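Note sheet for the following structure.
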Amino acid sequence: MEVEFLGGAREIGRSAILVDDDLLLDFGMDSGNPPAFPIGAGDVDPEAVVVSHGHLDHVGSIPSLLSGDARPTIHWTPPTYELTRVLARDTLRLHGGTYDCPFTEAEVARLTQVSETHGYREPFEAAGYEITFFDAGHVPGSAHVLIDDGETRLLYTGDFHADDQQLLAGTTARPDADAVICESTYSDVTRRPREEIEAAFAESVAETIWSGGTVVVPAFAIGRTQEVLCICEEHDLECYVDGMGKRVTEIFLREGNREFLRDPDLLRRAKGNARFVDGRDGQRERIAEQNTVIVTTSGMLHGGPAMTYVPAIRSHPTNKIAMTGHQVEGTPGRDLLETGSAEIDGRMMRISAQVEQYDFSAHADREGLLEFLAAYREEGAAVLVNHGDRCEAFAEELRAEGFAASAPELGERLEVAP
């Protein structure tokens, strides 16, 4: 089995892996400025595509595979299919007709024609391979992908979490494999227990509200917004929710998607506890004056409704901005954490409100990665480290622990065998 890394090798973003030129695993984009797409994207012509989960860095370029006469079948879980369509239409809305959007409305519409959805542990055929999805515990619908050609078994972990979250239980799947392509996003981070982080967040938010302040929680629309809503519900914190996270919450609660949640009733209660914002008639400005919690996109302060809320609360030190995710270097969110200032909606602003950060990442930390991989050291499986800023270093650390590990380069083509 030959594997070619078209994206995500020694980097985070634009994940794309081609197996024997026939089967494509993910096809994402890096949403930086300018955005980046998988190498040789225009020449990729797979027979079938298998998608691990619905985040932009894994699905952002998928509609472009349907240009011209190309119609590869695309396999995913039901939530991943719906999330991909939402993200594609958002990309069209923001960048359609420019080089920042590699597809058209017509190609997005074709997704429905080629889509085949599958549940966990239900083997199916794609491009001559037997494929099985396993729950990856990352976001609803996320999957480890096991590819079996009858001789070699390749496991693509996608993004995964080893510990329980509000929405999902941590992954417990360890299918037999000859080789494992493993993400390494947080290979140098060891987190506090999740319940401690959640309790600290809830206590800080409650204190701010009791003091007469407003809390803005910038959150990624897929997964993070819903996590925060569940935490607010469990700690009796009333909140508003704004941005794409509203629609994603509704998607997760639809028939056929609820089964991919750890506790659908919890998210249903969390939705009932939150008030959805439509943004009409100065609604956002009025909400920003209340003693409340506002969960809103975007998670790194790139845009979205946060561009209204942050300027509205920035001047008073009683108010708070609670960041809930990793802030990429060069983003307004990262600048705010490091300097206390950020460019918000085209204007450089000094923020007097308190700024805090909470690590609600849906990726496994170092201990989670090592625990997951332990079974494959015993089997002698090859471990191919990708999706990280320090892939080479982590591969070297794994080798010191007895793993057969390496970190493929971007564009590298290699063979995996039993």
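This one's a predicted model, so the numbers in the text were calculated from it and none came from an experiment.
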Worksheet entry | Under 3.5 Å: donor-acceptor pair, side chain of Thr292, backbone of Cys239 | no
Worksheet item: At their closest point, which heavy atom of Ile313 faces which heavy atom of Ala288, and how far apart are they?
Response: CG2-O, 3.9 Å
Discussion item. Using the rule given for salt bridge (Lys or Arg N to Asp or Glu O under 4.0 Å), can you reason through Glu238 versus Arg275, listing the C-alpha separation, both sets of side-chain angles and the distance that settles it, and then say yes or no?
Written reply: CA-CA 8 Å; Glu238 292 186 357; Arg275 284 169 280 188; 3.2 Å; yes
Worksheet item: In terms of ring plane angle, is the pair His75 and Phe124 parallel, tilted or perpendicular, where the classes change at 30° and 60°?
Response: parallel
Discussion item. Taking ring-ring contact (aromatic ring centres under 6.0 Å, His included) as the definition, give me every residue that meets it alongside Tyr358, ordered by chain and number, with sequence neighbours left out.
Written reply: Phe201
Practice prompt. In sequence, state the C-alpha distance, the side-chain angles, and the governing distance for Val293 and Tyr240, and then conclude on side-chain contact (heavy atoms from CB on, under 4.5 Å).
Written response: CA-CA 6 Å; Val293 184; Tyr240 289 89; over 6 Å; no
Item to complete: To the nearest 0.5 Å, tell me how far Ile209 CD1 sits from Ser204 OG.
Response: 10.0 Å
Practice prompt. Using the side-chain contact (heavy atoms from CB on, under 4.5 Å) rule, take His55 and His138 through it: C-alpha gap first, then chi angles, then the decisive distance, then the call.
Written response: CA-CA 10 Å; His55 274 156; His138 178 57; 3.3 Å; yes
Worksheet item: When rounded to the nearest 0.5 angstrom, what distance separates OG1 in Thr91 from CZ in Phe103?
Response: 4.5 Å
Item to complete: Could you tell me whether Glu234 and Arg269 make a salt bridge, using a distance below 4.0 angstrom between a side-chain N and a carboxylate O?
Response: no
Worksheet item: For the residue pair Arg192 and Ala200, what are the closest heavy atoms and their distance?
Response: NH2-CB, 4.2 Å
Worksheet item: Going by the salt bridge (Lys or Arg N to Asp or Glu O under 4.0 Å) test, which pairs reach into residues 134-153, not counting sequence neighbours?
Response: Asp148-Arg153
Worksheet entry | Side chain to side chain, Leu373 and Val383, heavy atoms closer than 4.5 Å | yes
N/O donor to acceptor pairs below 3.5 angstrom from side-chain atoms of residues 7-14, sequence neighbours left out:
from	atom 1	to	atom 2	distance (Å)
Arg10	NE	Ala407	O	3.0
Arg10	NH1	Glu392	OE2	2.9
Arg10	NH2	Ala407	O	2.7
Glu11	OE1	Arg14	NE	3.4
Glu11	OE1	Arg14	NH2	3.3
Glu11	OE2	Gly8	N	2.9
Glu11	OE2	Arg14	NE	2.8
Arg14	NH1	Phe37	O	3.0

Fill in: Residue pair Pro218 / Ala322: nearest heavy atoms and the distance that separates them
CD-O, 3.4 Å
Worksheet item: Please walk me through it: do Thr117 and Trp76 pass side-chain hydrogen bond (donor to acceptor under 3.5 Å, both in side chains)?
Response: CA-CA 5 Å; Thr117 58; Trp76 34 27; over 6 Å; no
Fill in: Heavy-atom side-chain contact between Asp26 and Leu24 under 4.5 Å
no
Worksheet item: Is there side-chain contact between Val50 and Tyr129, with heavy atoms separated by less than 4.5 Å?
Response: no
Item to complete: Please test Thr80 against Thr77 for side-chain hydrogen bond (donor to acceptor under 3.5 Å, both in side chains), starting from the C-alpha separation and ending with a verdict.
Response: CA-CA 5 Å; Thr80 300; Thr77 62; 3.0 Å; yes
Worksheet item: So how far is it from Leu65 CG to Ile74 CD1, rounded to the nearest 0.5 Å?
Response: 6.5 Å
Item to complete: Assign the ring pair His58 / His387 to parallel, tilted or perpendicular, where the plane angle (0 to 90°) is split at 30° and 60°.
Response: parallel
Worksheet item: Would you call Cys182 and Thr157 a side-chain contact if the rule is heavy atoms closer than 4.5 Å?
Response: yes
Fill in: Where at least one partner belongs to residues 100-124, residue pairs that pass salt bridge (Lys or Arg N to Asp or Glu O under 4.0 Å), sequence neighbours excluded
Arg89-Glu105
Fill in: Matching residue for Arg174 among Glu378, Glu379, Glu371 - test: salt bridge (charged side-chain N to carboxylate O under 4.0 Å, His left out)
Glu371
Practice prompt. Could you go through the side-chain contact (heavy atoms from CB on, under 4.5 Å) check for Ser406 and Leu384 one step at a time?
Written response: CA-CA 5 Å; Ser406 62; Leu384 307 175; 3.4 Å; yes
Worksheet item: Is Glu338 paired with Arg334 through a side-chain N to carboxylate O contact shorter than 4.0 Å?
Response: yes
Worksheet item: If you draw a 6.0 Å radius around CD in Glu207, do more than 12 non-hydrogen atoms from other residues or ligands fall strictly inside?
Response: yes
Discussion item. Do the side chains of Glu397 and Arg390 get close enough for a salt bridge, i.e. N-O under 4.0 angstrom?
Written reply: yes
Worksheet item: How about Glu412 and Val3: do any of their side-chain heavy atoms sit closer than 4.5 Å?
Response: no
Discussion item. So does Gly128 get a backbone contact from the side chain of Glu125, meaning a donor-acceptor N/O pair under 3.5 Å?
Written reply: yes
Worksheet item: Are Asp164 and Arg194 ion-paired here, with the side-chain N under 4.0 Å from a carboxylate O?
Response: no
Item to complete: Given salt bridge (Lys or Arg N to Asp or Glu O under 4.0 Å), test Asp21 with Arg413 step by step and report yes or no.
Response: CA-CA 11 Å; Asp21 294 323; Arg413 189 181 183 104; 3.0 Å; yes
Worksheet item: Aromatic rings His144 and Phe372: how do their planes relate, parallel, tilted or perpendicular, breaks at 30° and 60°?
Response: tilted
Fill in: Residues forming a salt bridge (charged side-chain N to carboxylate O under 4.0 Å, His left out) with Arg191, sequence neighbours excluded
Asp359
Item to complete: Run through Leu18, Val49, Ile131 and flag the one making a side-chain contact (heavy atoms from CB on, under 4.5 Å) with Leu23.
Response: Ile131
Response to the item:
Contacts satisfying salt bridge (Lys or Arg N to Asp or Glu O under 4.0 Å) that involve residues 45-60 (not counting sequence neighbours) are none
Response to the item:
When rounded to the nearest 0.5 Å, the distance separating CG of Asp365 from NE2 of His161 is 7.0 Å
Worksheet item: Got Val19 and Glu2 here, is their nearest side-chain heavy-atom distance under 4.5 Å?
Response: no
Response to the item:
Taken to the nearest 0.5 Å, the spacing of Asp265 CG from Arg262 CZ works out to 13.5 Å
Item to complete: Let me see the working for Val241 and Leu229 under side-chain contact (heavy atoms from CB on, under 4.5 Å), right down to the final yes or no.
Response: CA-CA 8 Å; Val241 59; Leu229 295 187; 4.1 Å; yes
Item to complete: Kindly determine whether Gln226 and Gln166 satisfy side-chain hydrogen bond (donor to acceptor under 3.5 Å, both in side chains), including the steps that lead there.
Response: CA-CA 8 Å; Gln226 296 74 36; Gln166 294 282 342; over 6 Å; no
Worksheet item: Does the side chain of Ser15 come within less than 4.5 Å of Tyr156's, by heavy atoms?
Response: yes
Worksheet item: Where do Gly141 and Tyr120 come nearest, in terms of heavy atoms and distance?
Response: C-OH, 3.3 Å
Response to the item:
Separation between CD (Glu183) and OG1 (Thr185), nearest 0.5 Å, reads 3.5 Å
Item to complete: Would you sort out whether Thr249 and Lys271 count as a side-chain hydrogen bond (donor to acceptor under 3.5 Å, both in side chains), showing the intermediate values?
Response: CA-CA 8 Å; Thr249 302; Lys271 179 187 175 186; over 6 Å; no
Worksheet entry | Check ion pair Arg284-Asp278 (N to O, under 4.0 angstrom) | no
